[in-house]
Amino acid sequence: MQSDTLLHAANFSTLFVCFVLKFPQIFVLMRAKSTTGVSLNSLLLELVGFIVFVTYQMYYDYPPPTYLEYPILIAQDVILLLLILHYSGSLRQSLIYALVFVGGWRLLTVEKWIIDLAMSLCTFISAASKFAQLQCLWKSKDAGQVSALSWGMATYTCMARIYTTTVTTGDMQVLVRFIVMTSLNMWVLLTVLYYQRKSSGSKKED
């Protein structure tokens with residue numbers, strides 16, 4: 001009984017956090033009207049990872065509470081993508097991205113081996129998205145337009161999903177993905193906090 005309560009709490013808290021997970025990052029971009037420190041490649045890879053993951057879960061009829069947040073995250077990432085393209089003057093490319101993503105999503109379920117192969121690569125794709133964001137931060141040495149709150153919430157949701165996956169499906173591919181994502185989200189979060197603190201210190205000295 002207690003484990004069921006904990007499972008429901010983990011599922012619903014994850015869903016609730018994901019409803020607003022990208023909002024801090026969206027608001028930061030809208031306020032700054034700049035994408036400094038925010039990696040477009042990271043966002044694109046994250047979108048690919050999300051689409052593959054939710055398609056895999058739906059294909060194998062996994063319990064909806066274990067993946068309901070992903071359509072919400074995909075919608076928020078699309079908003080972020082449009083904002084990044086808008087502020088970088090490349091909004092016309094949005095149609096190309098839309099066609100590629102929709103076409104790729106349809107291709108995933110054509111054959112069972114395709115979705116299985118895509119899922120086996122999903123962890124590497126999602127990990128690459130985090131490294132792309134880290135590389136962008138290291139290069140710019142500026143986290144002014146990156147939301148630490150969004151990355152903190154992302155870390156929590158992955159930790160919660162480690163638990164829910166363990167007690168429901170036990171899918172090792174999914175479990176490994178969440179363990180890797182927790183570690184990398186935490187790394188990005190600490191990097192963002194480091195550069196924000198460094199920037200804050202420099203302003204005080206000035």
Side-chain angles (χ1 to χ4, degrees), residues 10 13-51 53 69-70 72-91 93-94 97 121-163 176-206:
S13 65
T14 300
L15 188 60
F16 175 77
V17 170
C18 286
F19 264 114
V20 297
L21 195 151
K22 301 287 183 172
F23 282 14
Q25 183 63 75
I26 290 171
F27 293 149
V28 167
L29 285 180
M30 291 177 67
R31 185 171 61 249
K33 292 180 170 54
S34 169
T35 60
T36 304
V38 180
S39 171
L40 173 61
N41 290 335
S42 173
L43 183 62
L44 292 174
L45 287 167
E46 183 177 75
L47 262 172
V48 171
F50 284 168
I51 291 170
F53 186 78
E69 71 269 20
Y70 280 88
I72 300 167
L73 291 174
I74 289 170
Q76 293 178 54
D77 267 358
V78 168
I79 295 172
L80 269 177
L81 176 60
L82 291 174
L83 285 173
I84 291 173
L85 292 175
H86 172 66
Y87 292 129
S88 62
S90 305
L91 192 56
Q93 295 180 11
S94 60
Y97 288 124
L121 298 173
C122 187
T123 299
F124 296 102
I125 295 169
S126 296
S129 79
K130 312 305 176 187
F131 280 115
Q133 181 57 63
L134 283 167
Q135 186 179 33
C136 186
L137 287 168
W138 294 333
K139 185 177 180 179
S140 67
K141 292 181 169 49
D142 184 357
Q145 274 63 259
V146 183
S147 172
L149 181 56
S150 284
W151 283 100
M153 290 192 291
T155 303
Y156 166 77
T157 59
C158 285
M159 291 174 65
R161 282 306 177 212
I162 291 174
Y163 172 74
V176 168
R177 179 183 183 276
F178 282 125
I179 292 172
V180 172
M181 290 306 99
T182 298
S183 303
L184 292 178
N185 281 337
M186 181 65 73
W187 191 0
V188 175
L189 173 61
L190 293 175
T191 304
V192 170
L193 292 173
Y194 169 76
Y195 283 123
Q196 287 182 347
R197 183 172 297 180
K198 189 175 180 181
S199 176
S200 178
S202 299
K203 288 180 181 178
K204 286 181 180 178
E205 289 178 6
D206 293 341

Given the rule in the side chain to side chain contact (heavy atoms under 4.5 Å, CB included) test, do Met186 and Thr182 qualify, once you have shown the distances and angles that lead to the verdict?
CA-CA 6 Å; Met186 181 65 73; Thr182 298; 5.6 Å; no
Run Tyr195 and Ser140 through side-chain hydrogen bond (donor to acceptor under 3.5 Å, both in side chains) and show every step you take.
CA-CA 10 Å; Tyr195 283 123; Ser140 67; over 6 Å; no
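The closest donor-acceptor contact from the side chain of Gln76 to the backbone of Cys18 lies under 3.5 Å.
In terms of heavy atoms, Thr191 sits closest to Trp138 at CG2-NE1, 4.0 Å. When every heavy atom of Arg177 is checked against every heavy atom of Ser126, the shortest pair comes out as NH2-OG, 3.2 Å. Of all non-hydrogen atoms in Tyr163 and Ala10, the two that sit nearest each other are CD2-CB, 4.1 Å.
For the salt bridge (charged side-chain N to carboxylate O under 4.0 Å, His left out) condition, no pair includes a residue of residues 139-159, sequence neighbours left out.
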Sequence neighbours excluded and cut-off under 3.5 Å, please list the side-chain donor-acceptor pairs for residues 143-152, or say none.
residue	atom	partner	partner atom	Å
Ser147	OG	Leu149	N	3.4
Ser147	OG	Ser150	N	3.2
Ser150	OG	Leu21	O	2.7
Ser150	OG	Gln25	N	3.3

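Remark: aromatic rings of Trp187 and Phe131 are close, center separation under 6.0 Å.
Atom CZ of residue Arg161 and atom CE of residue Met159 lie 14.0 Å apart, to the nearest 0.5 angstrom. To the nearest 0.5 Å, the span separating CG on Leu82 from CG on Asp77 amounts to 11.0 Å. Atom OG1 in Thr157 sits 7.0 Å away from atom CD in Glu69 (nearest 0.5 Å).
Every residue meeting the ring-ring contact (aromatic ring centres under 6.0 Å, His included) condition with Phe178, not counting sequence neighbours, appears here in chain and number order: Phe53.
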